[in-house]
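What you see is a predicted model; the values in this text were computed from it and never measured.
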Amino acid sequence: MRVLLLTEPMSAAPFVAAISALAPELELVEYRSSLGAAELANIDTAVGWRMPHGLAARMPRLGWVCSIAAGVEKLLQSGLAPHVIVSRIVDPEQAAGIAQFVVTMVLRHARSLELYEAQQRQRS
């Protein structure tokens, strides 16, 4: 099975290491814009953050798209065939990170931190 890693802007190296340790039989392909039609024609699965525009239509064997983000919307596009399964990873660490982000933003708003940031930029 050939898996396309859509990890930009992050390096694919940590994903390659983790996936290879668990499933060494998978052939992992790091996405780059220079991938040709022949390389994309053999992709079975795409895993990552976002699907570059028009990429799904160039992968006729694609059967599964899995998001490593909190949602799948950045992987959905009009060229995605109706039979393609779309899923996302559910990870307790990811859920904790999202919860921490939400709490941080609520506190930022409640404490008017944007005002302090503006004052710091103005040196007042």
Side-chain angles (χ1 to χ4, degrees):
M1 177 185 287
R2 293 189 81 203
V3 179
L4 182 63
L5 299 174
L6 302 166
T7 61
E8 288 180 343
M10 292 180 60
S11 166
F15 297 96
V16 169
I19 295 169
S20 295
L22 295 171
E25 71 280 3
L26 296 178
E27 183 181 345
L28 303 175
V29 178
E30 184 175 356
Y31 173 76
R32 55 191 188 286
S33 59
S34 63
L35 285 174
E39 293 169 295
L40 292 172
N42 294 318
I43 297 294
D44 302 294
T45 303
V47 175
W49 305 106
R50 63 181 61 93
M51 181 91 62
H53 181 71
L55 181 62
R58 298 176 57 206
M59 296 184 287
R61 285 184 48 180
L62 186 65
W64 180 27
V65 174
C66 183
S67 174
I68 55 177
V72 298
E73 64 280 349
K74 291 184 180 178
L75 290 171
L76 301 176
Q77 53 182 244
S78 59
L80 201 59
H83 72 273
V84 175
I85 296 167
V86 179
S87 66
R88 71 177 181 90
I89 291 174
V90 177
D91 174 22
E93 287 183 33
Q94 184 182 47
I98 292 168
Q100 291 170 356
F101 176 80
V102 169
V103 169
T104 300
M105 292 299 106
V106 168
L107 287 172
R108 182 176 190 276
H109 177 73
R111 304 283 175 135
S112 301
L113 293 183
E114 63 278 356
L115 173 64
Y116 292 112
E117 291 168 358
Q119 289 173 339
Q120 186 176 26
R121 282 191 299 276
Q122 297 166 356
R123 299 183 186 268
S124 60

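- Between the CE atom in Met10 and the CZ atom in Phe15 there is a gap of 4.0 Å [rounded to 0.5 Å].
- Pairs passing the salt bridge (charged side-chain N to carboxylate O under 4.0 Å, His left out) check and including a residue from residues 81-93, sequence neighbours excluded, do not occur.
- With sequence neighbours excluded, no residue forms a side chain to side chain donor-acceptor pair (under 3.5 Å) with Gln94.
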**OP:** Start with the C-alpha gap between Val16 and Leu5, add the side-chain angles, then the distance that decides, and say whether side-chain contact (heavy atoms from CB on, under 4.5 Å) holds.
**Re:** CA-CA 8 Å; Val16 169; Leu5 299 174; 3.5 Å; yes
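- Contact check for Thr45 versus Met1: side-chain heavy atoms found under the 4.5 Å cut-off.
- Considering CG of Leu113 and CD of Gln120, their distance stands at 11.0 Å, rounded to 0.5 Å.
- The only option from Leu6, Thr7, Ile43, Val47 that meets the side-chain contact (heavy atoms from CB on, under 4.5 Å) definition with Tyr31 turns out to be Leu6.
- When every heavy atom of Pro14 is checked against every heavy atom of Ser11, the shortest pair comes out as CD-O, 3.4 Å.
- Judged as a side chain to side chain donor-acceptor pair (under 3.5 Å), and not counting sequence neighbours, the contacts of Arg2 are Glu27.
- A donor-acceptor distance shorter than 3.5 angstrom exists from the side chain of His83 to the backbone of Leu62, with no hydrogens or angles considered.
- Across all non-hydrogen atoms, the minimal contact from Glu30 to Leu4 is C-CD1, 4.2 Å.
- Within the 4.5 Å cutoff, the side chain of Asn42 has no heavy atoms near those of the Val29 side chain.
- Using a 4.5 Å cut-off on side-chain heavy atoms (C-beta onward), Leu40 and Leu55 make contact.
- Take Arg32 and apply the salt bridge (Lys or Arg N to Asp or Glu O under 4.0 Å) test, not counting sequence neighbours, and it matches Glu39.
- Considering only residues two or more places apart in sequence or on other chains, Met105 meets the side-chain contact (heavy atoms from CB on, under 4.5 Å) condition with Phe101, Arg108.
- Judged as a side chain to side chain donor-acceptor pair (under 3.5 Å), and not counting sequence neighbours, the contacts of Ser87 are Trp64.
- By the 6.0 Å contact criterion, CD on Gln119 is enclosed, its count of non-hydrogen atoms from other residues, nucleotides or ligands being greater than 12.
- Follow the hydrophobic side-chain contacts under 4.5 Å out from Ile68 and you reach Leu28 in the same cluster.
- Nearest heavy atoms, Ala41 versus Pro60: CA-CD, 3.9 Å.
- The hydrophobic clustering, which links ILVMFWY residues whose side-chain heavy atoms are closer than 4.5 Å, places Val72 and Met51 together.
- Judged by distance alone, with hydrogens and angles left aside, the side-chain atoms of Glu8 form no donor-acceptor pair with the main-chain N or O of Arg50 at under 3.5 Å.
- Looking only at side-chain heavy atoms (C-beta outward), Leu75 and Cys66 stay at 4.5 Å or farther from each other.
- Looking at Val86 and Leu80, their side chains come closer than 4.5 Å, going by heavy atoms from C-beta outward.
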